[in-house]
Amino acid sequence: MAWSCWVRLCSREALSGRRSRGHRFTLYTQQRNGFKRVPQKTEPRKPDQETGSKPYKSSLSPPVQETIFYTSSPSLKHLVKPFFFTIGFTGCAFGSAAIWQYEYLKSRVQNYFDEARADWMDKLRPQKSGDFRKQVNMWWNSLSEGQRTVTGIIAANVFVFCLWRIPSMQRTMITYFTSNPASRVLCSPMLLSTFSHFSLFHMAANMYVLWSFSSSIVSLLGREQFIAVYLSAGVISTFVSYISKVTTGRFGPSLGASGAIMTVLAAVCTKMPEAKLAIILLPMFTFTAGNALKAIIAMDTAGLVLGWKFFDHAAHLGGALFGMWYVTYGHELIWKNREPLVKAWHEMRSKNRGKGGGGSH
């Protein structure tokens, strides 16, 4: 659930005594005797004093409504830079994943005999029954490849969650770890906000879903391809959120891994629509993955149209549509055409190795 905290936007007119919302202005009239009334200096009031209602607050979102003000509303031209960042980052993510897979397979072959010898030495070496490292290794080896893959992602989310609890880091966290098209920093938060959670419940729910679907998605895509899809999904879903906020005028910072997790969920449900799912607190009620995906898309579509503010429904929809598209068409168009890049990387590595070998003699 990519929670979205909506901020009251204050323009320069509001700071000078005007109110941009509702087009209400403070006017000073001239007296009949020819003398002008000295205008009284008006001070901007807090949002709850102006409207008589308290500003939106949620324990799921950082307290930014009283600290961030924007002098103007961004237009579609503000999305040009995020658009090129999305394209460039997605290309780099898949290119790096292809090279990573090549290097991993190559090193796996080279280290096969070294690992076999290490296992043989461990059998000869006396084992300690209470060895903590042994217990950790046993736990790690009991995990599936997908669970081991998402462990690093979960650790990164926990680390960022702890940073939110440091008072001196609040300004930095709001600037770089929440995404908002009205912010002065647009590109880096598109990725960093994917690892950012202000609420413990928010983070726990997202990470539980990611852990639950990790084995299925990694067995479906492989470790390297999954990482590329996950990171790209975070950026793409944030860009869709940017578009929604600019077109609707509903600005505010968003954070959370839900956009990327919706890509994972949609990919698995698209590939395995007959798989049985259940809610953690209601395990007696089961439903198919296909029906779950339809229900989630319907709810987020309704939330986007009706303007619900508790979730970033545009990011949810962007992530879900990207996941459905990728497992249907993207895998064939992108991942299966990585051979030219891998071949170029192999030739570059061979040339560098040849130069290094020639210089050593």
Side-chain angles (χ1 to χ4, degrees), residues 1-10 56-74 78-93 96 152-200 202-203 206-207 210 227-228 230-246 250-263 311-312 314-316 318-319:
M1 305 103 209
W3 315 101
S4 176
C5 58
W6 297 92
V7 188
R8 184 175 300 280
L9 308 178
C10 298
Y56 175 78
K57 291 185 179 181
S58 172
S59 60
L60 303 174
S61 306
V64 298
Q65 64 268 24
E66 298 178 358
T67 58
I68 290 185
F69 299 92
Y70 305 109
T71 57
S72 61
S73 298
H78 286 79
L79 300 180
V80 174
K81 190 175 180 181
F83 171 76
F84 285 108
F85 175 79
T86 302
I87 299 297
F89 179 84
T90 301
C92 292
S96 301
I153 298 176
I154 295 175
N157 280 269
V158 172
F159 176 74
V160 175
F161 172 78
C162 294
L163 292 180
W164 275 109
R165 297 301 177 268
I166 303 177
S168 60
M169 291 288 295
Q170 291 294 307
R171 184 177 295 274
T172 300
M173 299 301 294
I174 292 172
T175 302
Y176 294 99
F177 287 85
T178 62
S179 59
N180 191 346
S183 175
R184 63 181 179 85
V185 182
L186 294 176
C187 294
S188 58
M190 297 176 71
L191 174 64
L192 297 179
S193 63
T194 307
F195 298 88
S196 180
H197 298 83
F198 183 77
S199 165
L200 178 61
H202 184 195
M203 182 185 66
N206 278 344
M207 295 303 101
L210 178 61
I227 294 295
Y230 184 86
L231 296 179
S232 300
V235 175
I236 292 172
S237 61
T238 302
F239 181 70
V240 175
S241 174
Y242 278 4
I243 296 176
S244 173
K245 291 176 182 178
V246 170
R250 299 166 183 162
F251 302 107
S254 300
L255 71 168
S258 300
I261 293 175
M262 280 297 297
T263 296
F311 301 125
D312 192 339
H316 284 196

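Just so you know, residue 1 is the first one in the sequence shown, and it goes up from there.
- Tyr242 places a side-chain heavy atom less than 4.5 Å from the side chain of Thr238.
- Contact of the Thr263 side chain with the Tyr230 side chain is not registered, since no non-hydrogen atoms from C-beta on lie closer than 4.5 Å.
- Inter-residue side-chain proximity for Trp164 and Ser196 is flagged as met; some heavy-atom pair is nearer than 4.5 Å.
- Expressed to the nearest 0.5 Å, how far CD1 of Ile261 lies from CD1 of Ile153 amounts to 9.0 Å.
- Here the CG-NE2 distance, from Leu186 to His78, works out to 7.5 Å after rounding to the nearest 0.5 Å.
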- Item | Stepwise side-chain contact (heavy atoms from CB on, under 4.5 Å) test for Ser258 and His202 | CA-CA 9 Å; Ser258 300; His202 184 195; 4.1 Å; yes

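- One finds the CD1 atom of Ile227 at 10.5 Å from the OG atom of Ser232 (value rounded to the nearest 0.5 Å).
- Side chains of Phe177 and Leu255 form no contact here, defined as non-hydrogen atoms less than 4.5 Å apart.
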- Message: For a side-chain contact (heavy atoms from CB on, under 4.5 Å) check, start with the C-alpha distance between Ile166 and Leu163, then their side-chain angles and the critical distance, and finish with the verdict.
- Response: CA-CA 5 Å; Ile166 303 177; Leu163 292 180; 4.0 Å; yes

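- With a 6.0 Å radius and a threshold of 12 heavy atoms from other residues, nucleotides or ligands, Phe85 has its CZ atom above the threshold.
- In this structure, Met190 CE and Leu231 CG are separated by 13.0 Å, a value rounded to the nearest 0.5 Å.
- In the model, His316 has no side-chain atom that pairs as donor or acceptor with a side-chain atom of Asp312 under 3.5 Å.
- Taking every heavy atom of both residues into account, His197 and Ala257 meet most closely at NE2-N, 3.3 Å.
- Figure legend: Arg165 and Phe198 shown as a cation-pi pair, the cationic atom lying under 6.0 angstrom from the six-membered ring centre and within 45 degrees of its axis.
- Not one N or O on the side chain of Thr90 forms a donor-acceptor pair closer than 3.5 Å with the backbone of Ile87.
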